[in-house]
Amino acid sequence: MDQPLVIITGASSGVGLWGAKALADRGWHVVMACRDLGKAAAAARETGIAAGRHTLLALDLSSLASVRHFVAAFRGLDRRLDALVLNAAVYLPQLKEPMRSADGYEISVATNYFGHFLLANLLMPDLAKADAPRLVTLGTVTANSEEFGGKVPIPAPADLGDFAGLAAGFKAPVAMIDGKPFKPGKASQDSKLALMMMSRELHARFHGPTGIVFSTLYPGCVAETPLFRHAPRAFQRIFPWFQKNITKGYVSQPLSGERVAQVVADPGFTRSGVHWSWGNRQVPGREAFAQPLSAKAESAARSARLWDLTAGLVGLEGTPLEAAA
Ligand code: NAP
C-alpha cells in the first residue's frame, strides 16, 4: 500500500502502455484507465507489467458520465493518488463527417480534451492530498506552432481561433473549436493544443493552492503506435521509415514510456507549468529541456477564456472544486 500510485489514461497500447511498464518497473502501482479492459489486460500481460503492480479500471473518455463513474470507482479503491497522466487519444483523419460522442460533441475533442478536462478537475482534490503530486499531460509537436512540426500544412496546423465553436455550444452542426468547417485531422490537433493550454491554466489556477506540479511533454515521434491506425495505409507504411531515416525523429515505444515515467517520477521534473521535450531530431543521451509554446498557446487571457468555455460544456461551470468532486 506504500507504493506510489499513478493513473494513466489509455494504457492499453503505445505510449500509455509503455509508460505503465516503466513506472511499474520503478515500483509504482499503475491504475490503467482504459475503455477495453480485455485488451488492457492482455497488453499488461504481454508487456510484462507485474500483476501486483497494476489495477484495471474502466474509463471511456468520450463520455462525461463514464468519467464520473471512473472517479467514483477509483475512490472505491481507497488508495492515495500521487500522479495522473492524461495520455489517451484518438486520431481520425479520414472521417468524412464528424462523429459524435454520447454527449453530442465531436469525438476527438470530446475524447482527447473534454474527458481529460473533467477527469483532471474531479481528481484534483484527490491529487492535492499527496505529498508531491504531479499531473502530466501528453502534448505533441504538431500542436505547437513554435516548432516545424506545428507548421506542416497536412492535416492542418492547430488553431483554435476565437473559440467560436465552443462559445456556440459545440453541438451539431458545430464540430470545430474555432467554429469553422469540419477538418478531421485538424480537430484532433486542436484538441491537443487545447489540452496543452489546459495544463498551463491548471498551473496558473491550482499550483499555488495545491502544490500539484502540472506539466506537458512531447515524447518524440513514436511512429509505430496504433494511434495512426486510421491514417491512410501508405502513410502507415512510410511514416516510421521517414522518421527513422530522414527526420531522425523516431522514438521507440519503450523509450516513449521511459520519458513519461521520468516526467512522472524523477526529481529533475518538479517544475510546474513546463512543456518538456527531448527535441525533434533524436540524439542519444540528450536531456529533456523546457520548450516554449506559441504565443497564442501561452496567452494567459486565451487559456482562461478556453477554460471557462470548456467548464460550461463539461458541466463544471461555476462549480467549486470540492462540490464538483
Ligand atoms: P495509441 O497507442 O493509439 O494509444 C491511445 C490510447 O488511448 C489507447 O489505449 C486507446 O484505447 C485510448 N483511447 C482512445 N479512445 C479512448 C476513450 N474514448 N476512452 C479511453 N481511452 C481511449 O496512441 P499513442 O501514440 O500511444 O498516443 C498516446 C498519447 O501520446 C496521445 O495523447 C498522443 O497524442 C501522444 N503522442 C503520441 C505521439 C506519437 O508519435 N505516437 C507523439 C506525441 C504525442 P484503445 O486501445 O481502446 O483504442
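Just the heavy atoms: all of them, side chains too, but no hydrogens, waters or symmetry mates, feed the values below. Order of listing sets the numbers, starting from 1, for every ligand and every atom in it.
Exactly one of Pro184, Pro226, Ser191, Ser188 qualifies for a side-chain contact (heavy atoms from CB on, under 4.5 Å) with Tyr91. That residue is Ser188.
Under 4.0 angstrom from ligand 1, the non-hydrogen atoms of Thr111 all belong to its side chain. Residue-level proximity to ligand 1 for Tyr91 is absent, since no heavy atom of it falls below 4.0 angstrom. Counting heavy atoms under 4.0 Å from ligand 1, residue Leu59 touches it through the backbone alone. Using a 4.0 Å cut-off between heavy atoms, Gln253 makes no contact with ligand 1 at all. Of the heavy atoms in Val90, only side-chain atoms (C-beta onward) come closer than 4.0 Å to ligand 1.
Side-chain polar atoms of Asp60 and Ser66 form no donor-acceptor pair below 3.5 angstrom.
In this structure, the side chain of Arg134 engages the main chain of Val263 through a donor-acceptor pair within 3.5 Å. Side chain of His275 to main chain of Thr140: no donor-acceptor pair is present (N/O by atom type, distance under 3.5 Å, no hydrogens or angles).
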Go through the steps to decide whether Asp159 and Lys180 satisfy the test salt bridge (Lys or Arg N to Asp or Glu O under 4.0 Å), and finish with yes or no. CA-CA 10 Å; Asp159 182 359; Lys180 292 189 176 162; 5.5 Å; no
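Among Thr140, Leu195, Leu227, Val260, the residue whose heavy atom sits closest to atom 3 (O) of ligand 1 is Leu227. The heavy atom nearest to atom 14 (C) of ligand 1, out of those in Met32, Arg35, Gln243, is found in Arg35. The closest non-hydrogen atom to atom 33 (C) of ligand 1, taken over Gln189, Lys39, Lys192, His230, comes from Lys192. The nearest non-hydrogen atom to atom 11 (O) of ligand 1, considering only Gly10, Pro240, Ser12, comes from Ser12.
Once rounded to the nearest 0.5 Å, the distance linking CD of Glu298 with CG of Leu293 reads 5.0 Å.
The atoms of ligand 1 that sit less than 4.0 Å from any heavy atom of Cys221 are 40 (O). Of all the atoms in ligand 1, the ones that sit under 4.0 Å from a non-hydrogen atom of Ala88 are 7 (O), 12 (C), 13 (N), 21 (N), 22 (C).
Annotation: atom 28 (C) of ligand 1 to nearest protein heavy atom, Asn87 OD1, 3.1 Å.
The cationic group of Lys192 does not satisfy the cation-pi geometry with Tyr113, failing either the under 6.0 Å distance to the six-membered ring centre or the 45° limit from the ring axis.
A salt bridge links Arg26 and Asp266; the closest N-O separation between the charged side-chain nitrogens and carboxylate oxygens is under 4.0 Å.
The N/O atoms of Pro219, backbone and side chain alike, include none that comes under 3.5 Å of an N/O atom in ligand 1.
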